[in-house]
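Everything on this sheet refers to the single structure shown next.
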Amino acid sequence: MVVRNPMVEKPNKDGRPPTIEYQEEEILDTVYGAVLRECYSMYKLFNGTFGRAMEAGGVELLMQKLDKFFYRYLQTLHLQSCDLLDVFGGIAFFPLDKMTYLKIQSFVNRVEESLSLIKYTAFLYNDQLIWSGLEQDDMRILYKYLTTSLFPRHSEPELAGRDSPLRPEVAGNLLHYGRFLTGPANLKDPEAKFRFPRIFVNTEDSYEELHLIVYKAMSAAVCFMISASVELTREFCEQLDGLVGPQLTLLASDICEQYNVNRRISGPDKEPQFKFIYFNHMNLAEKSTIHMRKTASVSLTSVHPDLMKILGDINCDFARVDEDEEIIVKAMTDYWVVGKKSDQRELYVILNQKNANLIEVNEEVKRLCATQFNNIFFLD
């Protein structure tokens with residue numbers, strides 16, 4: 001990847017050509033390094049490693065695969081809006097109470113038992129992860145694909161809500177809103193194709209090739225992964241649809257109710273004085289109130305790019321040392337930026353308090369940790 005430093009032309013008074021000044025601080029290597037690594041991970045998810053392609057068909061085959069994949073993928077990369085979240089490449093987890101989480105776990109176990117072909121399962125709600133049987137690194141990249149590419153393409157009918165005429169079929173007294181996001185668009189269609197995208201996981205050691213079945217009901221989506229050596233038939237898909245559809249529909253409305261109850265308890269969403277990004281290196285959990293990112297093509301942040309750059313700089317400083325530390329910066333625009341690194345967790349806070357001093361800023365961040373992260377221990 002070649003990235004150019006932005007430049008500014010400064011006019012000279014005595015008629016000489018303008019002087020060009022390169023702004024070398026503008027581009028963060030860590031951000032673009034992370035984007036480059038992610039390009040390879042995404043290629044690898046759908047094609048396996050470069051080495052495998054070389055073994056199968058030499059340079060010719062590798063070039064074909066690269067051409068086919070990157071021609072489309074590079075169009076979705078918007079480098080100007082890449083930032084700290086690309087460095088983390090984390091996963092947003094959906095907050096759940098214990099009972100609902102156990103329901104989901106037992107649903108996953110029941111389905112894996114009934115359909116023994118299923119090797120791995122991942123369960124998401126509202127684009128956030130709840131349960132995954134995959135290795136972390138594989139889940140991280142699959143999560144990125146689902147949330148920035150696959151789900152946005154299929155989000156329209158969802159908006160119609162519960163009473164949509166999509167599929168209010170009643171099986172017994174169970175409503176069934178399930179549908180395949182990959183594979184057959186309509187099971188009733190005699191011409192339906194039962195082809196699913198292939199993905200490659202565990203490429204470091206066991207190198208598995210799998211069918212990726214993504215099935216959705218309302219706001220809940222389940223990914224089932226099945227060995228690619230098995231041929232998937234209409235019967236199997238009908239069986240999966242009949243078993244998973246009604247249960248997933250019920251689960252989705254359970255989660256929705258639970259979520260709304262929790263939201264009412266936690267009080268109204270007031271616009272706080274601060275915005276933050278939190279990341280945990282151990283489980284890749286990520287939370288950001290700075291980003292309103294919803295699509296692959298655009299990353300909307302609610303703060304100025306200069307502030308995002310300061311966050312990136314603080315992150316680079318953290319990466320250079322192993323110890324826990326805290327950095328507080330006052331930006332030119334009167335914003336305060338605070339970075340805390342504590343036991344594999346990182347927290348970045350942007351405060352909009354013009355006349356605050358260091359002590360007040362420190363107190364404010366402590367308050368934030370106490371309210372938003374009360375169950376997470378930050379070393380002081």
Side-chain angles (χ1 to χ4, degrees), residues 26-28 30-39 41-42 76-95 124-130 139-153 155 158 219 221 259 263 266 269-281 283-316 318-319 327 329 331 333 335-341 345-352 364-365 368-369 371-373 376:
E26 282 301 301
I27 285 180
L28 290 172
T30 47
V31 170
Y32 296 103
V35 170
L36 195 55
R37 281 193 298 278
E38 193 171 78
C39 285
S41 298
M42 198 63 89
T76 69
L77 279 190
H78 287 258
L79 293 177
Q80 64 279 13
S81 61
C82 292
D83 59 41
L84 187 56
L85 282 199
D86 294 281
V87 176
F88 292 147
I91 295 171
F93 285 91
F94 190 80
L124 296 96
Y125 184 84
N126 259 359
D127 287 8
Q128 293 171 298
L129 186 66
I130 293 178
M139 190 59 230
R140 158 192 262 173
I141 203 72
L142 177 61
Y143 175 81
K144 169 91 181 182
Y145 163 69
L146 294 172
T147 53
T148 60
S149 180
L150 184 69
F151 292 163
R153 289 206 302 270
S155 60
E158 248 346 68
S219 295
Y259 178 62
R263 253 208 328 215
S266 65
D269 293 343
K270 293 196 296 294
E271 180 61 27
Q273 281 284 301
F274 50 77
K275 294 189 173 355
F276 68 84
I277 291 178
Y278 164 78
F279 181 67
N280 179 342
H281 288 271
N283 63 356
L284 306 182
E286 174 181 280
K287 197 173 176 190
S288 166
T289 58
I290 289 173
H291 293 77
M292 303 165 287
R293 176 183 306 204
K294 260 297 171 232
T295 63
S297 58
V298 56
S299 157
L300 292 169
T301 57
S302 52
V303 302
H304 194 274
D306 286 354
L307 291 170
M308 289 311 294
K309 215 181 110 308
I310 294 174
L311 295 185
D313 287 333
I314 295 177
N315 171 255
C316 291
F318 284 167
I327 295 175
V329 178
T333 47
Y335 280 90
W336 287 89
V337 182
V338 181
K340 266 171 102 72
K341 177 186 179 191
R345 299 183 178 93
E346 294 180 32
L347 174 66
Y348 301 84
V349 185
I350 295 174
L351 294 159
N352 179 10
E364 193 62 44
V365 172
L368 163 70
C369 289
T371 54
Q372 293 279 343
F373 301 103
I376 293 170

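Proximity of I91 to M139: side-chain heavy atoms (C-beta onward) are separated by under 4.5 Å at one or more points. For the pair F318 and I327, the minimum side-chain heavy-atom distance is below 4.5 Å. Annotation: side chain of L124 is in contact with side chain of F151 (closest heavy-atom distance under 4.5 Å). Here the side chains of L307 and Y335 are in contact, with some heavy-atom distance below 4.5 Å. Within the 4.5 Å cutoff, side-chain heavy atoms of I314 are placed close to those of V337. Between S149 and T76, every side-chain heavy-atom pair lies at or beyond the 4.5 Å cut-off. Here the side chains of L311 and M308 are in contact, with some heavy-atom distance below 4.5 Å. Looking at V338 and L347, their side chains never come closer than 4.5 Å, going by heavy atoms from C-beta outward.
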Practice problem: Show your reasoning for whether side chain to side chain contact (heavy atoms under 4.5 Å, CB included) applies to L84 and S288. | Solution: CA-CA 11 Å; L84 187 56; S288 166; over 6 Å; no
Exercise. I would like to know whether V35 and L79 meet side chain to side chain contact (heavy atoms under 4.5 Å, CB included); could you show each step before the answer?
Key: CA-CA 8 Å; V35 170; L79 293 177; 3.8 Å; yes
Exercise. Could you please spell out the steps behind the side chain to side chain contact (heavy atoms under 4.5 Å, CB included) verdict for K275 and V303?
Key: CA-CA 9 Å; K275 294 189 173 355; V303 302; 3.7 Å; yes
Exercise. Any chance you could lay out the side chain to side chain contact (heavy atoms under 4.5 Å, CB included) test for D83 and V31, step after step, and finish with the verdict?
Key: CA-CA 6 Å; D83 59 41; V31 170; 5.5 Å; no
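Here the side chain of Y278 pairs no donor or acceptor atom with the backbone of A285 at under 3.5 angstrom. A distance-only check finds a donor-acceptor pair linking the side chain of T289 to the backbone of F276 [under 3.5 Å]. Side chain of R140 to main chain of L284: no donor-acceptor pair is present (N/O by atom type, distance under 3.5 Å, no hydrogens or angles). Between the side chain of S81 and the main chain of H78, a donor-acceptor pair closer than 3.5 Å is present. Listed for the K341 side chain is no donor-acceptor partner under 3.5 Å among the backbone atoms of E346. Counting only distance, with no hydrogens or angles, the side chain of Y32 and the backbone of C82 share no donor-acceptor pair below 3.5 Å.
Checking Y348, F88, F93 one by one against F279, the ring-ring contact (aromatic ring centres under 6.0 Å, His included) holds for a single residue, F88.
Here T333 contributes atom OG1 and H304 contributes atom NE2; the two are 7.5 Å apart, rounded to the nearest 0.5 Å. From L150, atom CG reaches atom CG of L142 across 9.0 Å, with rounding to the nearest 0.5 Å. Rounded to the nearest 0.5 angstrom, Y125 OH and I130 CD1 are separated by 8.5 Å.
Nearest heavy atom pair, residue V87 against residue A34, reads CA-CB, 3.7 Å. Here the closest heavy-atom approach between residue K340 and residue C369 is recorded as CE-SG, 4.3 Å. Heavy atoms only, all atoms of each residue included: D313 and L28 are closest at OD1-CD2, 3.1 Å. When all heavy atoms are compared, the tightest approach of D127 to T147 is O-CG2, 3.5 Å.
Residues K144 and E38 are paired through a salt bridge, judged by an N-O separation under 4.0 Å between the basic side chain and the carboxylate.
Between the side chains of R37 and S41, no donor N or O sits under 3.5 Å from an acceptor N or O.
Aromatic pair Y259/F94: centroids less than 6.0 angstrom apart.
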